[in-house]
Structures are given as structure tokens and as C-alpha cells.
Amino acid sequence: MKTWIAILLLALALPAQAMRAVFYQPQLRDQAVAASEWPGIFNALRQQGFDAVVWQWTRHGAAFADGEERSWLLARMSEARAAGLAQIVGLAADPDFFQKQQAGKETLAPYLQALRRQDASQAAGLLHQLGVEAIQGWYLPAEADDRNWRETDRQALLTDYLRQTREDLSALLPRPVYISAFFNGNAAPDAFGRLLDGIAASGVKVWLQDGAGASRLSAPERALYLDALAACGQPRVAGIVHELFLDQGHGEAFSPSRPPAAQAAASLAAAPCPNLNQLWFSLRYLPGVGEKLPL
């Protein structure tokens, strides 16, 4: 009897197959927002129809590692849960990931294993602090792209790392494990799709960024990827990340701004595939809520 109860509770704890979620990227500057504002922020997300928050990370380098910073973050997570939002919990982000991922194979392999150990340690600590019921999924802050992982041997390193990380996390708490991926026209859609297929085969679910905010490609160019990889009939990914921000950096340093109201409304109305998770990046740029947070 107890076994069946445990199975039922686990099923109820997992998010629905197609979630509507918003990313939140915690920044130290967000501590300047009054504590009294945060419950209202999370309640507003529920009122706007979101059912989950994806915490992009719960550690960023040394930020939020311990002390008052960690306590602040845990308080926000508790408030999100109290608002009725499911939580996909991001783990340990390395601020230098995008540079270090470009290393040669001899350096890349041990680096990925170091990320694996950091994520497992972070997950164990969060499980102890938050409890089983507070975590509906794990999110890996590392992102896959269509440039760095084109070679077969590098793809094997990536998928092995992801498989092992998923196994580590599942041993701690069996929840879905997610990672996001993006494209900039460096590989053909089908070639990039084969990488995403390999990631999915590792047991890690892929959310594909739509590229609308980064604006590295034109709308027709982006459509080539989205139609090939996220078609409603046979999607090769588990969800779509709609980019709410506008990048003013023009391909150089990332310089995001909030979008015009009409553009944001059009993005939020987008839900092309009911069998795909629909996610928006991010809380900071979300109309009616994000204005409370510093850019």
C-alpha cells in the first residue's frame, strides 16, 4: 500500500507534459527588490497563466553559494512554491562555460566531469534544503549550440556527460532533467537536429530557444530550424523557449532590453504545439512583472 501511495505522490509532483513556464535568472542585484514585492511577483505569474518557474541557476560562480545570498534565494523559491508554481530547479552555472567549452578534447572531457560533480553536489544540497515536494525537475545551466558541438567526437563527450549527470540526479531524486539549446546558423537544421537527438537519447530533455530576441538570424532563417526541429507532428525537442528580450549588442556583448508591448504580447500568445512545453525567457522582461526587477 505504501509503495502505491509513494508512486502516486511522485506522479502528482511531476509537471504536466506540456508546461507553461517562465525562466528566472537570479542576479545579486535582485536583492535590492523589497522582500514584500516577491510574493506578489509570483502570484502575478499564476494570474498570467504560468504554472512553473525555471530557475536558470541556483549558483552562478560563487554567487548564491552560501550565507545570506543562499538564504535570499531559498526564500524566493519558497514564495514561488507558495504561489502554486511548479519549480524546475537549475543547478551550478559556470560563468566561463561558453569559453571553456571551446577547449580541446583533452581539456574538455575533465571540464565536463567537473561540471557533473558540481551539479550533483548542488542538487544534493538543494534536495536537503528544499525537500522532495519542492522540486519538479532539474535544469542544467550549460547550453548546447550548433557551432561548438558539430564534430562527432565532441558530441560523444557532451552526450556522455549529460547521460552521467542525468543518472547522478536521478539517483538523488527521479525527476525530468532539462537543458536548452540554441542555433545561430552554424550547422544545417538536420545536422543540428542529430545533435539534439543524441542529447535526447541521453535521457535529458531539450528545450529549443527560438532566437527571436538574440536576432542573429532573420525570421525566415529561424523558421527553417523551428519547422525542422519543433514541428507539432513530430517534434525533436521537448519544448520551445520564446525569447522576450531584445539584444541591443548586435552580435557583440549581450545587451538585452525589454521588448515593446505589442511584441511581448505576440510572444506570450504563441503556443503553436500543445504537446510541447512553452517557456518564456525571462521574468525580467515579462510585461507587468519584470519592471519590478533591475535590468
In Å, rounded to the nearest 0.5 Å, how long is the span from [atom1] of [X] to [atom2] of [Y]?
X	Y	atom1	atom2	answer
F64	L28	CZ	CG	4.5 Å
Q129	I135	CD	CD1	9.5 Å
L169	R116	CG	CZ	10.0 Å
T58	R76	OG1	CZ	15.0 Å
K205	I199	NZ	CD1	13.5 Å
L195	L158	CG	CG	6.5 Å

Donor-acceptor pair, side chain of [X] and main chain of [Y], under 3.5 angstrom:
X	Y	result
E243	G213	yes
D168	A120	no
R284	P294	yes
N275	C232	yes
Q31	E69	no
T159	A156	yes
D210	A212	yes
D145	A181	no
R29	L295	yes
W280	S267	yes

At their closest point, which heavy atom of [X] faces which heavy atom of [Y], and how far apart are they?
X	Y	answer
I179	A142	CG1-O, 2.9 Å
A230	C273	O-SG, 3.6 Å
A124	L172	N-CD1, 3.8 Å

> If we only count heavy atoms from C-beta on, is the F50 to R46 side-chain gap below 4.5 Å?
Replying inline: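 F50 vs R46: side chains apart.
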> Is R175 close enough and on-axis enough to W138, meaning under 6.0 Å and within 45°, for cation-pi?
Replying inline: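 No, cation not above the ring by the 6.0 Å, 45° rule.
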>> Would you say the rings of Y139 and Y178 are close, in the sense that their centroids are separated by under 6.0 Å?
In response: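 No: the rings miss the under 6.0 Å criterion.
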>> Are W149 and F183 an aromatic pair, judged by ring center distance below 6.0 Å?
In response: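 No, too far apart.
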> Does R236 come within less than 4.0 Å of D190, counting only side-chain N to carboxylate O?
Replying inline: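 Yes, charged N to carboxylate O under 4.0 Å.
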>> Could you see if F23 belongs to whatever hydrophobic cluster contains L276? Use Ile, Leu, Val, Met, Phe, Trp, Tyr and a side-chain cutoff under 4.5 Å.
In response: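 Yes, F23 connects to L276 through the hydrophobic network.
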